[in-house]
Asker: 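Structure incoming, see below.
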Amino acid sequence: EIVARQNTVMRVLGIETSCDETGVAIVDTAPWEAGKPAGMGLLGQALYSQIAMHIDYGGVVPELASRDHIKRIIPLINQVLKETSGDLKDIDAIAFTQGPGLAGALLVGASVAKGMALALNKPVLGIHHLEGHLLSPLLADDANIQFPFVALLVSGGHTQLMKVTGVGEYSILGETLDDAAGEAFDKTAKMLGLSYPGGPAVSNLAKAGNPNTHQFPRPMKHSGDLDFSFAGLKTSVLTQVKKVAAAHDGHLSDSAKADIARGFVDAIVEVLVSKSINALKETGLTTLVVAGGVGANEQLRESLGQSCSKEGFSVHYPPMHLCTDNGAMIAFAGAMRLKKNPQLASKDWGFDVKPRWPLDDLE
Ligand code: KG4
Ligand code: ZN
């Protein structure tokens with residue numbers, strides 16, 4: 001029977017292929033054992049982003065994504081092994097993203113992980129992509145985060161507030177009823193003629209915008225629950241884009257675009273901050289952890305920082321480069337779960353993926 005080693009130092013290889021980034025990393029649990037920040041256990045990582053390939057299509061093309069993962073994954077694993085002066089035989093367990101995500105893309109990571117585990121006779125564990133994001137703030141060098149906490153998960157595909165009681169113990173407090181926050185950023189970017197993925201571009205453009213030109217709606221801010229909705233905000237942006245363009249012979253000047261970007265960012269940030277603060281108050285918890293691609297957003301970080309310090313809450317983020325998809329968060333989540341429960345490691349070599357998978361439905 002193959003089980004992960006407990007109470008000993010473990011070295012875990014993590015593989016992420018759920019969308020348009022191929023990520024590989026190796027974490028070692030030695031620093032955790034010594035009571036040091038978990039981030040010090042990140043021995044090495046490599047990432048290949050497919051953004052340039054998908055840019056012409058304005059979004060991720062699933063079939064191209066899967067094929068590219070196949071091309072990148074083995075060279076990336078070799079690169080990380082080389083950089084960490086490691087050998088495959090030093091790997092104690094393998095963690096891979098099992099879902100949610102694009103089915104074909106997930107299958108690449110799953111088949112490589114299971115194949116390697118079979119060949120090496122090592123335990124392998126499928127990880128929920130959002131759990132990777134959720135635990136990634138603990139990878140910060142100075143992370144001093146105690147369970148339980150509230151997590152705001154804001155990525156391209158998800159927007160959720162979660163109560164996190166411990167590793168593997170997650171309950172959903174609220175989530176988006178339609179578009180995800182990252183999706184709203186990406187769609188706004190498209191309407192403003194910015195390229196995919198638009199989050200960072202919209203954020204930068206907003207800095208030059210006038211905050212008083214557009215007052216967009218703050219959807220569901222006063223709904224009394226912790227759910228979100230961004231489809232209406234997107235429609236308001238579209239309406240304004242058309243209106244401003246119509247008044248200027250169909251042309252949107254850079255400053256007009258910046259004003260719209262500013263109005264959009266102010267609206268979405270205000271809702272995200274207000275719901276996060278409500279979630280902390282309702283649960284009685286005092287720690288907020290922010291994860292997912294939109295967690296890299298400067299305006300969100302600034303506003304959350306102000307509101308949390310006013311209310312006496314602490315707020316934590318992953319290191320900037322680990323906000324968007326990466327292998328480190330998967331290796332890390334795998335190591336944390338295996339340390340907690342070695343029996344989780346799979347002993348069957350068949351592989352399945354879960355393109356749709358609620359985070360409160362873990363084994
Ligand atoms: O977590 P992630 O890499 O992928 C998913 O799991 O979906 O998140 C990607 C999303 C994209 O929608 C991207 O536009 C958004 O995160 N994003 C940002 C920023 N950086 C990435 N949105 C706003 N501001 C940013 N700085
Ligand atoms: Zn993600």
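Just so you know, ligand 1 is whichever comes first in the structure, and atom 1 is the first atom listed for that ligand. FYI, side chains are in, hydrogens and waters are out, and symmetry mates aren't considered; it's all heavy atoms of this structure. Keep in mind that what you see is a predicted model, and the values were worked out from it rather than measured.
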Asker: Around atom 21 (C) of ligand 1, find the nearest protein heavy atom and jot down its residue, atom name and distance.
Answerer: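 Of the protein heavy atoms, Gly293 O, 3.4 Å lies nearest.
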Asker: Pairs of nitrogen or oxygen atoms closer than 3.5 Å, one from Gly292 and one from ligand 1: do any exist?
Answerer: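 Not met; the criterion fails.
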Asker: Answer with side chain, backbone, both or neither: which part of His133 has a heavy atom less than 4.0 angstrom from an atom of ligand 1?
Answerer: side chain
Asker: Using a strict cut-off of 4.0 Å, indicate which atoms of ligand 1 neighbour a heavy atom of Ala296.
Answerer: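 Answer for ligand 1: 26 (N).
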Asker: Any chance the side chains of Glu270 and Ser303 put a donor and an acceptor closer than 3.5 Å?
Answerer: no
Asker: Any idea which atoms of ligand 1 are less than 4.0 Å away from a heavy-atom of Gly156?
Answerer: 5 (C), 7 (O), 8 (O), 9 (C), 10 (C), 12 (O)
Asker: Determine whether Glu282 and Lys163 satisfy the following criterion, salt bridge (Lys or Arg N to Asp or Glu O under 4.0 Å), listing intermediate values before the conclusion.
Answerer: CA-CA 11 Å; Glu282 279 179 29; Lys163 181 176 174 182; over 6 Å; no
Asker: Which ligand 1 atoms are under 4.0 Å away from a heavy-atom of Thr324?
Answerer: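 Going through ligand 1 atom by atom, the ones under 4.0 Å from Thr324 are 3 (O).
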Asker: Is the closest side-chain donor-acceptor distance between Asp178 and Ser229 under 3.5 Å?
Answerer: yes
Asker: Establish whether Val202 and Val241 are linked, either directly or via other cluster members, by ILVMFWY side-chain heavy-atom contacts under 4.5 Å.
Answerer: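 Yes, Val202 and Val241 fall within the same hydrophobic cluster.
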Asker: Could you check whether Asp92 pairs with Arg11 (Lys NZ or Arg NE/NH1/NH2 to Asp/Glu carboxylate O, under 4.0 Å)?
Answerer: no
Asker: To check your reading of the model: name the closest protein heavy atom to atom 24 (N) of ligand 1, its residue, and the distance in Å.
Answerer: Asn297 ND2, 3.0 Å
Asker: Which N, O or S atoms belonging to the protein are less than 2.8 Å from the Zn ion (ligand 2)?
Answerer: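 Protein N, O or S atoms closer than 2.8 Å to the Zn ion (ligand 2): His129 NE2, His133 NE2, Asp325 OD1.
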Asker: Only heavy atoms count here, so choose which of Gly199, Ala180, Ser155, Gly157 is nearest to atom 18 (C) of ligand 1.
Answerer: Gly199
Asker: Is any NZ, NE, NH1 or NH2 atom of the basic residue among Asp225 and Lys275 found under 4.0 Å from an Asp or Glu carboxylate oxygen of the other?
Answerer: yes
Asker: Please determine whether a side-chain nitrogen of the Lys or Arg among Asp259 and Arg262 lies less than 4.0 Å from a carboxylate oxygen of the Asp or Glu.
Answerer: no
Asker: As an exercise, state the distance from NZ of Lys339 to CH2 of Trp32, rounded to the nearest 0.5 Å.
Answerer: 7.5 Å
Asker: If you round to the nearest 0.5 Å, how far is CE of Met220 from OG of Ser274?
Answerer: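 Ser274 OG to Met220 CE: 11.5 Å, rounded to 0.5 Å.
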Asker: Atom 2 (P) of ligand 1: which protein heavy atom is closest, and how many Å away?
Answerer: Asp325 OD1, 3.4 Å
Asker: With a 6.0 Å cut-off (strictly less than), is the heavy-atom count around NZ of Lys36, excluding the residue itself, greater than 12?
Answerer: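 No - once you tally the heavy atoms of other residues, nucleotides and ligands closer than 6.0 Å, there are 12 at most.
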Asker: Does one hydrophobic cluster hold both Leu304 and Met162, with members joined at side-chain heavy-atom distances below 4.5 Å?
Answerer: no
Asker: To check your reading of the model: name the closest protein heavy atom to atom 12 (O) of ligand 1, its residue, and the distance in Å.
Answerer: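 Of every protein heavy atom, Asp186 OD2, 2.7 Å lies nearest to atom 12 (O) of ligand 1.
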Asker: Does ligand 1 have any atom sitting under 4.0 Å from a heavy atom of His129?
Answerer: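 It does; at least one heavy atom falls under 4.0 Å.
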Asker: Check ligand 1 against Gly182 and write out every atom of the ligand that is under 4.0 Å from a heavy-atom position of the residue.
Answerer: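 Going through ligand 1 atom by atom, the ones under 4.0 Å from Gly182 are 12 (O).
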Asker: Taking all non-hydrogen atoms of both residues, which atom of Ala180 and which atom of His158 are closest, and how far apart?
Answerer: CB-N, 3.5 Å
